[in-house]
Amino acid sequence: MVKAGRPQGGPRGQSEQANALALFVRTVTKDFTVRDLAERYKISKTSWGEYRSGAKVIHLHLLKRLIEDLVRDERSRIRRWEEAQRLHAEAVEAQQPRPPADHMSADRGVMPKEAVKQATATLLDTDRLIHLLLGVIAGLQMQLAPVKGLPSTTAGEPAVPTEQTAGASAAASDLHEAESRLVQVRLVQSAVTRVHDEAASYETGPDVPTAAAGPARTAEEALALPARYTAASREAAAILLVSRAALVEQHIAVLRLSARSGGADVATYMRSASPGAPAVPDSLRTGPPANRGRAGTSHRSWRRLIIVAVAAALTMAVSAATIITVLALRHKQSPTTGPANHPAPAAASPSTSPVPTPSLSPSPTPSPSASASTPASLSAETPGLAAVPKAYIGAWEGEFTEPGERSPSLRRIVLHAGTVGTTVANVLTLSRNSLCQNQGTASSAGALLVITPGPATAPSTGPCNQTGDIVLRSKDNDTLTWKSDGITTTLHRAASADRAVPAQFLGTWRAQDGNDPTSSVRMTVLQGPIGQARAEFAWEGDAHHCKGVSVLAFTGGVLKFGPEAVTASEPAGFCTQTPSRIVSAPQGNTMHIEWFTPPDGSQPRAFDFSPTG
């Protein structure tokens, strides 16, 4: 008997393939409402509505579980699973990002309106790929959860059969790859978001000429940017170009990951994908063919070589500082009338181990070694330009107490090599109600180093107001003073690692909500560098469902996370942002979490979490 529920209407996916998959899901789940499915599989009603409407592609591991649970006849189950693999592969392949059409557009630049259009399309592709990767990660975590709970031998090794151990090892390897690819895609998303925002500001700014301004001009002249924006125009085109090429490459790899993590036959699954998908032009592939040598690049312009280097950086997750330094889109560009006659900078050296961190929308955080991959044209040795002193390079952090607050706020800055006028800093500030991240440009370098922070970048949790210049002074090799907005803070050298979260904090934890006996909260701590690692929260009660994310700001004896930004709320508007929090190291099976102290000094909310599984 079909249960009552709100009529669904026709599928509304973004492709015929997505609609076909949605109809398949509806058929398999025809006896259940979205509420039934949410309760059964612990996935929100909103998500189930999107899967059954085609607005989002259901994750393959979840599709397999549906068939195993709801199709009772074994022969029908096999047939349904084969059909499910084909439909899923076709739906995902229909989301294949279009490859860049013209690699020479980076030399010509891109107009603001067109940049916004291209960036918007690319961001839609990144959102789809991120959704797919998050599903892959969730499925792999589910596979590994039972293995982690198995009894151990006296030697401390899991007492499991060899085949199961091998399967767990393969799943762990796939999880590492999926997390790494998620970071890479987030890096693309962050770079393209900056292009979109900058281009949108150009589009509405007073300096952009219109066809009606001045004497009659040709259509091309009417669309031209002012001379001081031409370099930014070319840099924007380069970011859009290599970002799209990187996404095409990532999409192909994620297809295979999705098949493996979902238990599908990889060869069959990949054959089901559309064979006519456009390929990435050889000139933009990051793995150079064996026959591509000096002769193949001798005729290319230096900008062409930058594009190749940055494409490698985007797809191989080298330090984000390389990308931002090479392709930073800045409002204040020096006047440029044509391609500069500089020597080609050396291609960035890929990291030997990928960054294994999922994040919201990471603001790239340079590592202390980022200076090694700074392009020659922007290095500290560039004659005639003041450079960031070597004593300043690295990560620094310190605490201070804002007026009226009880919990100390945090200032953190990561500096890398560069010259005045270039992006040389990642800035992070944490307070009770905000975690803000910015890119910083060197305004002057001498006895003092002055950094001008730009607008807040993701992931940030507001309010993040524009701040004044940051004035830094070196006191000794391990101490800096930071002065901005009338407050002086002493900074000390700090760690800057791709895997900043100590192992004992990682995993999924659960606690009871002391304010509501019918409510519980689940927290999952995910690995990554400061400013990208995060804790994901899910609050469940009889009359509410809330999800939120807090971003890591500090590691030491404790972890400090920023305010919890709401990512899902049922009913709408019920869930609100909560303050920054301190996570103490686990003691036995208990991990204590406490929110920052309110200004009135009242007792902050606190929770004792226990590991799940």
Side-chain angles (χ1 to χ4, degrees), residues 15 17-18 20-21 56-65 67 81-99 125-144 163 166-189 243-282 284-287 289 311-312 314-317 350-358:
S15 67
Q17 294 86 345
L21 179 62
K56 284 187 178 178
V57 173
I58 189 172
H59 303 302
L60 188 60
H61 72 90
L62 182 56
L63 187 57
K64 183 179 183 181
R65 188 174 169 189
I67 294 170
W81 176 229
E82 290 175 349
E83 183 182 5
Q85 292 179 67
R86 176 182 60 79
L87 291 172
H88 189 273
E90 291 174 353
V92 174
E93 185 59 25
Q95 298 178 347
Q96 167 82 26
R98 291 183 178 274
D125 287 332
T126 61
D127 286 343
R128 292 168 175 165
L129 199 51
I130 286 169
H131 170 73
L132 181 60
L133 277 165
L134 289 175
V136 170
I137 290 169
L140 290 167
Q141 288 174 337
M142 289 172 61
Q143 292 178 37
L144 290 171
E163 183 178 350
S169 176
S173 176
D174 283 346
L175 179 60
H176 183 83
E177 179 184 347
E179 291 176 338
S180 172
R181 292 194 179 280
L182 183 60
V183 170
Q184 297 167 40
V185 176
R186 292 287 195 189
L187 181 57
V188 172
Q189 184 184 53
S243 295
R244 183 149 291 280
L247 288 180
V248 174
E249 295 282 6
Q250 291 287 356
H251 183 88
I252 296 169
V254 173
L255 271 175
R256 294 183 178 276
L257 258 179
S258 180
R260 290 201 302 268
S261 68
D265 179 77
V266 175
T268 302
Y269 184 88
M270 296 301 290
R271 280 197 301 271
S272 298
S274 302
V280 184
D282 287 340
L284 288 175
R285 290 191 177 275
T286 57
L314 283 166
T315 55
M316 301 180 73
S351 172
T352 56
S353 58
V355 185
T357 314

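Numbering starts at 1 and runs along the sequence shown.
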> Going through the checks in order, is the side-chain contact (heavy atoms from CB on, under 4.5 Å) test met by Val136 and Arg260?
Replying inline: CA-CA 9 Å; Val136 170; Arg260 290 201 302 268; over 6 Å; no

>> Walk me through whether Gln184 and Gln250 qualify under side-chain contact (heavy atoms from CB on, under 4.5 Å).
In response: CA-CA 9 Å; Gln184 297 167 40; Gln250 291 287 356; 2.5 Å; yes

> Can you list the steps and then say if Leu60 with Ser261 is a side-chain contact (heavy atoms from CB on, under 4.5 Å)?
Replying inline: CA-CA 8 Å; Leu60 188 60; Ser261 68; 5.9 Å; no

>> Run Leu87 and Leu63 through side-chain contact (heavy atoms from CB on, under 4.5 Å) and show every step you take.
In response: CA-CA 11 Å; Leu87 291 172; Leu63 187 57; over 6 Å; no

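One distance of note links NZ of Lys64 with CD1 of Ile58; it measures 14.0 Å at 0.5 Å rounding. Considering CD of Glu249 and CG of Leu247, their distance stands at 10.5 Å, rounded to 0.5 Å. Between the CG atom in Asp127 and the CD atom in Gln189 there is a gap of 5.5 Å [rounded to 0.5 Å]. Here the straight-line distance linking atom NE2 of His251 with atom OG1 of Thr126 works out to 13.0 Å at 0.5 Å rounding.
Salt-bridge annotation for Glu90 and Arg86: present, with a side-chain N of the basic residue lying under 4.0 Å from a carboxylate O of the acidic one.
In this structure, a donor-acceptor pair under 3.5 Å is absent between the side chains of Asp125 and Gln96. Residues Ser173 and Glu177 have side chains that never bring a donor and an acceptor to within less than 3.5 angstrom of each other.
Put simply, the side chain of Leu132 does not reach to within 4.5 Å of the side chain of Val57, judged on heavy atoms. In this structure, Gln141 and Ile137 have side chains that are in contact, with non-hydrogen atoms separated by less than 4.5 Å. Using a 4.5 Å heavy-atom cutoff, the side chains of Gln17 and Glu93 are not in contact. Within the 4.5 Å cutoff, the side chain of Pro97 has heavy atoms near those of the Arg244 side chain.
Listed by chain and number, the residues in a salt bridge (Lys or Arg N to Asp or Glu O under 4.0 Å) with Arg65 are Asp69 (sequence neighbours excluded).
For the side-chain contact (heavy atoms from CB on, under 4.5 Å) with Val254, the qualifying choice from Val185, Leu129, Ile130 is Leu129, the only one to do so.
The shortest heavy-atom contact between Tyr269 and Ser258 is OH-OG, 4.0 Å. Summarising the geometry of Leu133 relative to Ala178, their closest heavy-atom pair is CD2-O, 3.8 Å, with the distance given to 0.1 Å. Counting all heavy atoms, side chain and backbone alike, Arg181 lies closest to Leu257 at CD-CD1, 4.1 Å.
In summary, the aromatic rings of His59 and His88 are positioned with their centroids too far apart to meet the 6.0 Å limit.
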